[in-house]
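Here is the structure we will look at.
Both ligands and their constituent atoms are indexed starting at 1 by order of listing. None of these values were measured; they are calculated from a predicted model.
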Amino acid sequence: MEHLVTEAKKQVVLMKGIGVSAGIVIGRVYVLERGVVEPAQFCCVDPGHTDAEIERLKAAFKESRDQLTRIRKKMEDDRLGKEHIRIIDAHLMILKDNMLINDTIKVIKKERVGAEWALHTVLKELMDYFTKIDDVYLRERSSDVEHIVNRVMINLTGSKHESVTDLKSPAIVVARDLTPADTAQMVKGMVLGFLTDVGGRTSHTAIMARSIEIPAVVGLENVTRRAETGDVAIIDGSTGTVIINPSESVTDVYRKRKEKYEAYGRTLLHYKDLPCETTDGRRIRLMGNLEIAEELDALMEHGVEGIGLYRTEFLYLNRKDMPSEAEQLKAYAKVVKTFAGRPVVIRTLDVGADKVIPLHDSAKENNPAMGLRAIRYSLRNPDIFNTQLRAALRASALGKVKIMFPMISGMEELRQAKGALEEAKAQLRSEGKAFDESIEVGAMIEVPSSAVIADLIVKEVDFISIGTNDLLQYSLAIDRVNEHVAYLYEPFHPAVLRMIKNVAEAANKAGISVGVCGEMAGEPAYAYILAGFGVDQLSMNAFSVLRVKRFLRGASYAEAGKLCKAISGFATATEVEGYLNAALPELYREEF
Ligand code: PEP
Ligand code: MG
């Protein structure tokens, strides 16, 4: 690696953003020059020239469509997944949509202004509209429209549109925002990591950074102003820390940390084929969480024992129609066949809140996280639910499929969902279509009400899985996507621990499996405590599996149980953490 030295006169800048993709990177910065292109000045055109402006506008739209079509073709050639290509399709759809171009033509005609100014006016109106939308996911979609308008503007003004493919040497890309198309082009690229001013955890760019394993920090607000091309920067994608122009001694610290991180990653591979068993013989199943097909290879390489949470809603995002039964069956079959007999838990559609599909306009709900979300949406839309259940059932003929319902809040909801499943089974039977007659059915425990009545729920399901992300959101009343209340996110909050304990005990008593598939499962220290409460399955992203396995293989289940008993009486998360830090053997302390 090039020995990176920061010039003495440059000021060190320490920034904290949202770490959306883990890993440490030290490298030279390359600032992509392409903020929103604004027309140089207001410019009036003579009535006789408006047609020429309209023609220029149409040509710029056409050029933009052609560029995107070329990118799409390249993505196909590079065998990038459908989810990525679908995002380009969504951009193409916005470009082809007459509204954007017609509104701009109207402004050219009415106000007799140049095409750039008219487009700028339309974009401004659209952005004003988007900022008034409460829904975070939809608000983030405004960046899609901005990207597209920006591309058209660049083509209108003839300015250069820098792309990540323009990089001549490996670099950390800094940009106001990156389009999903940019991120997709990073797969083969020279991009060591990226930093953006805007963005949130749910943006497509963040999702894709994780899936292609490029360290990334977003939401830095003004990194494009604080970093210059050629600066040295350090990214820690796990903590969201960014240091621009670090001193030699800080760079050394991070270089060592990076080496340690990578060496640790390599040593972990040793655990790939070993069972996840504690020193006193308690077996914990380690499963993978799956969103998009590209993650399958990494999950297999890290030795997951199956899929504990298949977030099927990713099949429904970025499109205007619903996936058909055949399309879903194809997607599920791929996963089921990959896991060849190992379990695949298909969670039924969890849309609403921050995951919006075009046909479900959660922006109209005042409080979408508590609105028509997940199982509520499926029960309200029986045809959509039925299509998915039929596809999932048919996939069960090809391997070990289980079906899980999200966000169950009470027994009636559970019974209705199970009723819909029975109906789908009856249809398939009468059509002579194969499925696993003894398919297991589970409920997610992620609403406090269901955690409280876990003893009743366990009597009517084959397994349960605790969704700690939402369980924390709903029990501690902290919006998952609101950074202002993020400090209240405390997995060791006594209320959370009590609920987990209650749920695990109920399941153990009923003799059914109890898993955790929220982010808590992928953190070794939390995983250890979850195991101590009697959880027998943990489901997480590919890159957490071996860390958790290493930890649990060196731990005693009996000891974990004793610790859980001890911490059950504590009043605060801080007390719990302090106690565990002191009580855990030296070996594991690094994991805290
Ligand atoms: C959870 O809530 O913990 C969970 C796993 O579901 P999701 O993150 O998809 O809402
Ligand atoms: Mg959830």
Non-hydrogen atom of Arg373 closer than 4.0 Å to ligand 1: yes
Test log, rule side-chain hydrogen bond (donor to acceptor under 3.5 Å, both in side chains), inputs Asn289 and Ser539: CA-CA 6 Å; Asn289 287 357; Ser539 193; 2.6 Å; yes
Per-residue contact class, Leu471 against ligand 1 - non-hydrogen pairs under 4.0 Å: neither
Residue Lys501 excluded, over 12 heavy atoms near NZ under 6.0 Å: no
Ligand 1 atoms in contact with Leu309 (distance to a heavy atom under 4.0 Å): 5 (C)
Arg373 (side chain) donor-acceptor with Asp350 (main chain) under 3.5 angstrom: no
Sub-4.5 Å side-chain heavy-atom contact between Met407 and Tyr474: yes
Proximal atoms of ligand 1 relative to Cys517 (non-hydrogen, under 4.0 Å): 5 (C)
Ring center gap for Phe570 and Phe492 short of 6.0 angstrom: no
Spacing of Ile512 atom CD1 and Phe463 atom CZ [to the nearest 0.5 Å]: 9.0 Å
Mode of Met540 contact toward ligand 1 - side chain, backbone, both, neither (heavy atoms, under 4.0 Å): neither
Any N or O of Glu313 closer than 3.5 Å to N or O of ligand 1: no
Backbone of Val351 reached by a side-chain donor or acceptor of Glu313 within 3.5 Å: no
Structural part of Asn289 in contact with ligand 1, heavy atom criterion under 4.0 angstrom: neither
N, O or S atom within Asp470 nearest to the Mg ion (ligand 2), by name: OD2
Side-chain (Asn502) to main-chain (Arg498) donor-acceptor, under 3.5 angstrom: no
Contact check: Glu446 to the Mg ion (ligand 2), N/O/S below 2.8 Å: yes
Under-4.0 Å heavy-atom contact with ligand 1, by part of Arg347 that carries it: side chain
Tyr528 side chain to Glu523 side chain, donor-acceptor N/O pair below 3.5 angstrom: no
Ligand 1-proximal atoms of Glu519, by part, heavy-atom distance under 4.0 Å: neither
4.0 Å heavy-atom contact, Met520 with ligand 1: no
Nearest-option assignment for atom 8 (O) of ligand 1, heavy atoms, candidates Met407, Glu291, Arg311: Arg311
Per-atom contacts of ligand 1 with Gly467, taking only distances under 4.0 Å to non-hydrogen atoms: 1 (C), 2 (O), 3 (O)
Heavy-atom donor-acceptor pair, Ser324 side chain to Glu327 backbone, under 3.5 Å: yes
Contact atoms of ligand 1, heavy-atom distance to Met444 under 4.0 Å: 4 (C), 5 (C), 6 (O)
Polar atom proximity, Glu446 to ligand 1 (N or O, under 3.5 Å): yes
Side-chain donor or acceptor of Asn508 paired with backbone N/O of Ala504 under 3.5 Å: yes
Residue part near ligand 1, for Gln473, under 4.0 Å between non-hydrogen atoms: neither
